[in-house]
Amino acid sequence: MLEGQWRRKDFDFLVNNGGFNGQGKLGDTKEEVFDALAHVHFKGVYFLTQQLLPRLADGGAILCVSSGLTRIAIPGYGPYAAMKAAVETLVRYWAKELGPRRIRVNAIAPGAIATDFSRDVYEANPQLPVMVAQNTALGRIGEADDIGPVVAFLCSDAARWVNAQRLEASGGQMI
């Protein structure tokens with residue numbers, strides 16, 4: 001299918017971006033929610049990458065979406081952040097393992113972004129966007145258009161010497 005539609009057998013970039021917003025403090029997190037977070041945010045990234053690796057072109061790039069929550073601690077996000085931190089660890093290992101194929105592996109860690117991902121949280125807590133904006137150096141919550149160009153950069157030749165890195169795109173949130 002890939003060969004017929006795109007006239008090639010491989011692809012250049014894999015962006016692991018699947019996910020959902022799962023919250024729960026230590027005493028409240030249901031095992032089913034924890035398992036779902038692990039399956040989507042960690043296991044899914046691992047095994048999707050494993051399955052697609054034979055089709056990823058030498059000299060290509062893998063980008064894993066992490067979270068600013070691996071740097072700052074907000075109660076209720078521990079399981080989600082732990083899965084993202086695990087992915088950040090994989091990024092370093094994969095960069096080393098895939099170096100002989102010249103495949104770069106990096107993570108992008110968005111801060112608070114106004115998308116469907118967090119809409120329910122913002123609607124349930126109308127004061128939250130104001131608080132986040134006040135604690136962000138650029139004075140606002142991020143938009144999807146703030147993240148796309150960073151993804152494009154990390155997949156471009158301009159980032160050809162960037163490898164095994166976590167790049168936070170948060171507007172200076174909580175610095």
Side-chain angles (χ1 to χ4, degrees), residues 13-52 61-95 105-155 159 162 164-175:
F13 309 108
L14 170 59
V15 180
N16 286 303
N17 187 39
F20 69 96
N21 191 0
Q23 296 178 319
K25 292 183 180 177
L26 178 59
D28 301 329
T29 303
K30 303 266 190 257
E31 187 173 354
E32 299 80 37
V33 172
F34 186 94
D35 287 345
L37 286 165
H39 282 284
V40 171
H41 292 282
F42 183 65
K43 186 177 181 180
V45 169
Y46 189 95
F47 287 105
L48 176 67
T49 303
Q50 182 186 68
Q51 288 296 307
L52 294 177
I62 298 170
L63 181 61
C64 297
V65 177
S66 182
S67 172
L69 291 168
T70 63
R71 180 181 57 84
I72 61 174
I74 298 176
Y77 286 97
Y80 170 82
M83 302 308 161
K84 294 300 190 176
V87 167
E88 288 182 16
T89 299
L90 285 178
V91 162
R92 292 188 302 276
Y93 278 85
W94 289 349
V105 187
N106 291 293
I108 180 172
I113 307 295
T115 64
D116 289 342
F117 187 85
S118 53
R119 183 180 325 279
D120 292 344
V121 174
Y122 292 143
E123 288 176 356
N125 303 288
Q127 77 289 356
L128 186 59
V130 174
M131 184 191 77
V132 170
Q134 290 171 342
N135 286 291
T136 301
L138 294 180
R140 65 177 176 82
I141 290 179
E143 301 290 334
D145 287 345
D146 296 322
I147 304 304
V150 181
V151 170
F153 163 70
L154 288 169
C155 291
V162 179
Q165 300 302 304
R166 173 197 186 273
L167 179 59
E168 185 164 322
S170 70
Q173 186 177 350
M174 303 290 286
I175 57 170

Peer 1: How many angstroms lie between atom OG of S118 and atom CG of N125, to the nearest 0.5 angstrom?
Peer 2: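 It is 11.0 Å, given to the nearest 0.5 Å.
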
Peer 1: How about W94 and C64: do any of their side-chain heavy atoms sit closer than 4.5 Å?
Peer 2: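 The answer is yes, as the side chains (C-beta and beyond) meet within the 4.5 Å cut-off.
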
Peer 1: Looking at every non-hydrogen atom in both residues, tell me the closest pair between S67 and K84 and how far apart they are.
Peer 2: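 Shortest heavy-atom contact: CB-CG, 4.0 Å.
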
Peer 1: Are the side chains of F34 and M83 in touch, meaning some heavy atoms are under 4.5 Å apart?
Peer 2: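 Yes, their side chains come closer than 4.5 Å.
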
Peer 1: Test side-chain contact (heavy atoms from CB on, under 4.5 Å) on V87 and N16; report intermediate values, then the result.
Peer 2: CA-CA 10 Å; V87 167; N16 286 303; over 6 Å; no

Peer 1: Grab the two heavy atoms, one from S66 and one from Y80, that are nearest each other, plus how far apart they are.
Peer 2: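 Distance-wise, the nearest heavy atoms are O-OH, 4.4 Å.
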
Peer 1: Looking at side-chain heavy atoms only, is the closest gap between L37 and F42 below 4.5 Å?
Peer 2: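 Result no, sub-4.5 Å side-chain heavy-atom pair not found.
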
Peer 1: Could you measure the distance from the CD1 atom of I113 to the CG atom of D145? Nearest 0.5 Å is fine.
Peer 2: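 If I round to the nearest 0.5 Å, the distance is 10.5 Å.
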
Peer 1: Return the CD1 to CG distance between I74 and L128, rounded to the nearest 0.5 Å.
Peer 2: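 Going from the CD1 atom of I74 to the CG atom of L128 covers 7.5 Å.
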
Peer 1: Taking C-beta and beyond as the side chain, do P79 and V33 meet within less than 4.5 Å on heavy atoms?
Peer 2: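 They are not in side-chain contact.
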
Peer 1: Looking only at non-hydrogen atoms, find the nearest pair between F117 and G19 and report the distance.
Peer 2: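 Shortest heavy-atom separation between F117 and G19 comes out as CE1-C, 3.8 Å.
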
Peer 1: Under a 3.5 Å distance rule, please check whether D28 uses its side chain to pair with a backbone N or O of G24 as donor and acceptor.
Peer 2: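 Looks like no, no N/O pair under 3.5 Å.
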
Peer 1: Please report the C-alpha distance between L63 and F13 in whole Å, then the side-chain angles of each, then the deciding distance to 0.1 Å, and finally whether the side-chain contact (heavy atoms from CB on, under 4.5 Å) criterion is met.
Peer 2: CA-CA 8 Å; L63 181 61; F13 309 108; over 6 Å; no

Peer 1: Counting only heavy atoms not in Y46, do more than 12 sit closer than 6.0 Å to its OH atom?
Peer 2: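 No, the 6.0 Å shell around OH holds no more than 12 heavy atoms from other groups.
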
Peer 1: Is any side-chain heavy atom of L167 closer than 4.5 Å to a side-chain heavy atom of N106?
Peer 2: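 They are not in contact (no side-chain heavy atoms under 4.5 Å apart), so the answer is no.
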
Peer 1: With a 6.0 Å cut-off (strictly less than), is the heavy-atom count around CD of Q50, excluding the residue itself, greater than 12?
Peer 2: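 For Q50, atom CD is crowded (more than 12 foreign heavy atoms under 6.0 Å).
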
Peer 1: Out of curiosity, D146 CG to I141 CD1, how far, rounded to the nearest 0.5 Å?
Peer 2: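 With rounding to 0.5 Å, CG (D146) is 11.5 Å from CD1 (I141).
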
Peer 1: Looking only at non-hydrogen atoms, find the nearest pair between G22 and Y77 and report the distance.
Peer 2: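 Heavy-atom minimum between the residues: O-CD2, 4.4 Å.
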
Peer 1: Rounded to the nearest 0.5 Å, what's the gap from CG on L69 to OG on S170? Could you check?
Peer 2: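 The OG atom of S170 is 10.5 Å from CG of L69, to the nearest 0.5 Å.
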
Peer 1: Please examine the side chains of T136 and R140, heavy atoms only from C-beta on, and report whether any two atoms are closer than 4.5 Å.
Peer 2: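 Sidechains of T136 and R140: no contact.
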
Peer 1: Taking the side chain as every heavy atom from C-beta outward, state whether Y93 and V105 have any pair of such atoms under 4.5 Å apart.
Peer 2: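 Y93 vs V105: side chains apart.
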
Peer 1: Considering only heavy atoms from C-beta outward, does the side chain of T70 approach that of R166 to under 4.5 Å?
Peer 2: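 SC-SC contact between T70 and R166 confirmed.
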
Peer 1: For the pair H41 (side chain) and F20 (backbone), establish whether a donor and an acceptor sit closer than 3.5 Å, ignoring hydrogens and angles.
Peer 2: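 Judged by distance alone, yes, a pair lies under 3.5 Å.
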
Peer 1: For the CD atom of Q127 and the CD atom of Q134, what is their distance to the nearest 0.5 Å?
Peer 2: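 Taking CD in Q127 and CD in Q134, the distance rounds to 11.0 Å.
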
Peer 1: If you compare all heavy atoms of A144 against all heavy atoms of T115, which two are closest, and at what distance to 0.1 Å?
Peer 2: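 Minimum heavy-atom contact is CB-CG2, 4.3 Å.
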
Peer 1: Give the minimum heavy-atom separation between E88 and A107, together with the two atoms involved.
Peer 2: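 For E88 and A107, the tightest heavy-atom pair comes out as CG-CB, 4.4 Å.
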
